[in-house]
Amino acid sequence: MFVDDSPSYPMTFIIEFELSGEIDREAFQTAFDLALLRHPILRSMIRPAKSNRDCWVSVDQYDSQIEWGGIDDPIFVEGAGAYIDLRREIGVRVWGRNDHQRALIFAAFHHTATDGIGAYQFFGDVFWFYAKEMGAENAPLVKLDPQDLRKRLRANVSPELLASKDDEKLSHDVAQPLAGKNGAQDTTSARFLFPRFLSHTFDKAEYRE
């Protein structure tokens, strides 16, 4: 996912939450920062490290500020999507839009940093800390052992593939871009509305059909 990443085709995915009621922005920011402390990769960047190879590296300072606005304020991003440069920023970016009745939370995750299950687990922690900030009595958080991150490759890849020299070669080759259409529009310098979700609610008859 990292070597195939580019501003014109970002390896990010988007999650949207719609919440009822009035949100406390300061408390939500605090909850977001506390949740990041439980997820080391989401607050790390990719830098040359072991043998001068690209590695996840913990950083002392990172930008975790949520960009807030009114409920109808549009969100614009540069280029074709929410590009996250893991060499310069952490793997999650969040926008919040709210009024006195509801709030919309949009989160972009870099797929190198987490998958969908991990993203929802992270936001489960965000909402846990937010409830705590607002005075709720919470059940204990599930314990997370950062050492488990060292085992993540063996948990997802077969022993045969791990032992393969081809796998070693594959992990260090730089992905080559696909050929584009002649005269394709350059989207890397334009500004686009974000996140551009299209939704439809099916009635019972449509669903059964």
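Position 1 is the first residue of the sequence; numbering continues from there.
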Can you tell me how far the [atom1] atom of [X] sits from the [atom2] atom of [Y], to the nearest 0.5 Å?
X	Y	atom1	atom2	value
M1	D115	CE	CG	9.5 Å
F32	Q65	CZ	CD	9.5 Å
W68	I66	CH2	CD1	5.0 Å
L141	K132	CG	NZ	8.5 Å
T112	D4	OG1	CG	9.5 Å

For the side chain of [X] and the backbone of [Y], is there at least one donor-acceptor N/O pair under 3.5 Å apart?
X	Y	answer
D54	I46	no
R93	H110	no
Q29	S64	yes
E89	D85	yes
Y83	V77	no
R43	L37	yes

Which heavy-atom pair separates [X] from [Y] by the least distance, and what is that distance?
X	Y	result
A108	I84	O-CD1, 3.6 Å
M134	A27	SD-CB, 3.8 Å
L193	P74	CD2-CB, 3.5 Å
M11	D5	N-OD1, 2.8 Å
A82	I14	CB-CD1, 4.4 Å
A103	N98	CB-CB, 3.7 Å

Using side-chain hydrogen bond (donor to acceptor under 3.5 Å, both in side chains) as the criterion, list what pairs up with [X], not counting sequence neighbours.
X	value
H39	D125
H200	none
R47	none

For this session: Give me the ring orientation class for F127 and F17: parallel if the planes are under 30° apart, tilted from 30 to 60°, perpendicular past 60°.
Result: perpendicular

Problem set entry | Aromatic plane relationship, F194 with W95 - under 30° parallel, 30 to 60° tilted, over 60° perpendicular | tilted

Do [X] and [Y] have side chains that approach each other closer than 4.5 Å (heavy atoms only, starting at C-beta)?
X	Y	value
V126	F28	yes
F122	L36	yes
I15	F123	no
L19	Y130	no
V142	W128	no

Can you hop from [X] to [Y] via hydrophobic side chains spaced under 4.5 Å?
X	Y	answer
I71	F106	yes
M45	L149	no
V59	F2	no
W56	Y62	no
I90	L86	no

For this session: Using a cut-off of 6.0 Å, state whether more than 12 heavy atoms not belonging to E206 lie near its atom CD.
Result: yes

Exercise. Should we count CZ of F76 as having more than 12 external heavy atoms under 6.0 Å?
Worked result: yes

Exercise. With the threshold set at 4.0 Å, does a side-chain nitrogen-carboxylate oxygen contact exist between R97 and E18?
Worked result: no

Problem set entry | side chain to side chain contact (heavy atoms under 4.5 Å, CB included) assessment of T114 paired with F13 | CA-CA 10 Å; T114 189; F13 63 92; 4.1 Å; yes

